[in-house]
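Note that the coordinates shown come from a computational prediction; the quantities given were computed from them, not determined experimentally.
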Amino acid sequence: MTDDTRPYGAQEPQPQQPYAYPRPPAYPPQQPVTTASGVTVWPGDGAGGGNGGNGGGGAGYAGFADPQPLPQGPVPDHRGGRRARRPVALLAAVAIVAAVVGGGSAALVGELTSRADNTSHSTPVQNASSKSAGGVAAVAKAVSPSIVEIKATTTSGQSTGSGVVITGDGEIVTNNHVIAGADTVQVAFSDGSTKTAKVVGTDPDKDLALIKVQGASGLKAASLGSSGSVKVGDEVVAIGSPEGLTGTVTSGIISALNRDVTVSKEEGRGGQQRERGLPQWPFEFGGNQYNGDTGSSKTTYKAIQTDASLNPGNSGGALINMNGEIIGINSAMYAPGSGGGSGDSAGSVGLGFAIPIDTVKADLAKLRAGGAGGGNS
């Protein structure tokens, strides 16, 4: 019998249990993802056990737990036991990481979309569709070569107005009251050149006239738009020769549509700027007379009202939309101090009228045939 030298109550020492790490996955561990906005998304085990990119906690990398001692005895079958469940946990962790990364991508797309929206609202684009200085300047540059100054000489003096070139060979639309009773007509272009024109036809009922520059070719014709699509509040540009100042540009909006404006059909009535300071072409609006007496022979047409500054000499000029298209022929404006108004101030008060361009286009064939008033050579 062998003596046991262990003290009483001491236990037999147990063999030290070995430690082992789980097998690495068949693919590289999921790496952390950093979005464009600076958010770093770390993979984890779906239960808050990952390091979260902070280096804290006791969990292992990529969702693997700290190494655990292997159980003694035979390794359990893969169809059951803890080792059989590890791949399932790994797949769940990968799915969660994918969901987190997908959420980060969605957040990134949302952030970029929000930035794009903010940019589109805060960065104006200046073009001919905006009332910015660039828009008005672009319209003026494109259309000014097609707007002329007209000086019509009669037995009682000289009438000054404006006109719009509509064909390259010199056809020009203006108001009837600008050239009514004229013996000679002179046309001044934006480049400073002057040519003689003849009256082709007039339509006093619509206050329209057509003249043609003699021997002209290659002129820049204006683009005629549609007044049927005009809306109240639309931005517009007016170009004409107020007080003989050729090529004057003003801007404003459409104030109203289908205003009943009544003008005189009598040739020469009202003076139409025979001399500076004399009464301008008279008209009636809203039951009142402006700029003098319209007389007994009158006509009424539907007009576009605008607050773009119009002054004596703008008659026959162009009212233009922000696409550079003619939408009206300026025909009447209230001139304070010339009768029918209160106060003695001079200049535009934002009350102007234009003949719709659709009316002009419908009347062109009649004007080319001599119109109601016949042609003059």
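Of all heavy-atom pairs between A318 and I147, the closest is CB-CD1, 3.5 Å. The heavy-atom pair separating G170 from A216 by the smallest distance is CA-CB, 4.1 Å. Nearest approach of S331 to S315, heavy atoms of both residues: O-OG, 3.6 Å. Nearest heavy atom pair, residue A221 against residue G168, reads CB-N, 4.2 Å. Taking every heavy atom of both residues into account, G181 and T154 meet most closely at O-CG2, 3.3 Å. Closest non-hydrogen pair, V261 versus A332, comes out as CG1-CB, 4.5 Å.
The side-chain heavy atoms of F353 and M333, taken from C-beta on, include no pair separated by under 4.5 Å. Contact of the I166 side chain with the L210 side chain is registered, since non-hydrogen atoms from C-beta on lie closer than 4.5 Å. Two residues are said to be in side-chain contact when any heavy atoms from C-beta on lie closer than 4.5 Å; Y301 and D207 meet this criterion. Here the side chains of T359 and K206 are in contact, with some heavy-atom distance below 4.5 Å. Counting heavy atoms from C-beta on, the side chains of I179 and I150 come closer than 4.5 Å. For the pair V200 and L367, the minimum side-chain heavy-atom distance is 4.5 Å or more. Under the 4.5 Å side-chain criterion, counting only non-hydrogen atoms from C-beta, V165 is in contact with V148. L364 has its side chain within reach of V173: a pair of non-hydrogen atoms, C-beta onward, lies under 4.5 Å apart.
The closest donor-acceptor contact from the side chain of N323 to the backbone of E325 lies at 3.5 Å or more, if one exists at all. A donor-acceptor contact shorter than 3.5 Å is absent between the side chain of K366 and the backbone of G201. Between the side chain of D363 and the backbone N or O of V360, no donor-acceptor pair lies under 3.5 Å. Looking only at distances, no side-chain donor or acceptor of N311 sits under 3.5 Å from a matching main-chain atom of N314. With D307 contributing its side chain and I253 its backbone, the two residues share a donor-acceptor pair below 3.5 Å. In this structure, N330 contributes its side chain and G316 its backbone to no donor-acceptor pair below 3.5 Å. Looking at S144, its side chain does come within 3.5 Å of a backbone N or O of A140 through a donor-acceptor pair. Not a single donor-acceptor pair under 3.5 Å links the side chain of T202 to the backbone N or O of P204. Between the T250 side chain and the S309 main chain, a donor and an acceptor come within less than 3.5 Å of each other. Between the side chain of N175 and the backbone N or O of H177, no donor-acceptor pair lies under 3.5 Å.
The stretch residues 245-263 participates, sequence neighbours left out, in these salt bridge (charged side-chain N to carboxylate O under 4.0 Å, His left out) pairs: D260-K302. Legend: salt bridge (charged side-chain N to carboxylate O under 4.0 Å, His left out) pairs involving residues 170-179, not counting sequence neighbours, sorted by first then second residue: E171-R368.
To the nearest 0.5 angstrom, N321 atom CG is 7.5 Å from S229 atom OG. Separating the NZ atom in K151 from the OG1 atom in T184 is a distance of 11.5 Å, to the nearest 0.5 Å. Here CD1 of I355 is found 9.0 Å from CG of N176. Values are rounded to the nearest 0.5 Å. One finds the CG atom of L219 at 5.0 Å from the CZ atom of F189 (value rounded to the nearest 0.5 Å). The OG atom of S255 lies 11.0 Å from the CG atom of D234; values are rounded to the nearest 0.5 Å. A distance of 6.0 Å separates CD of Q214 from OG1 of T196, quoted to the nearest 0.5 Å.
Side-chain polar atoms of S162 and E149 form no donor-acceptor pair below 3.5 angstrom.
Of the listed residues (I357, I327, D358), just one forms a side chain to side chain contact (heavy atoms under 4.5 Å, CB included) with S226, and that residue is D358. The only option from V249, V164, I326, V237 that meets the side chain to side chain contact (heavy atoms under 4.5 Å, CB included) definition with V143 turns out to be I326.
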Pair T194-V187, side-chain contact (heavy atoms from CB on, under 4.5 Å): steps then yes or no: CA-CA 5 Å; T194 301; V187 175; over 6 Å; no

Audit row: I172, K212, side-chain contact (heavy atoms from CB on, under 4.5 Å) steps and yes/no: CA-CA 6 Å; I172 297 172; K212 186 171 182 180; over 6 Å; no

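One hydrophobic cluster, built from ILVMFWY side chains closer than 4.5 Å, holds both V236 and V232.
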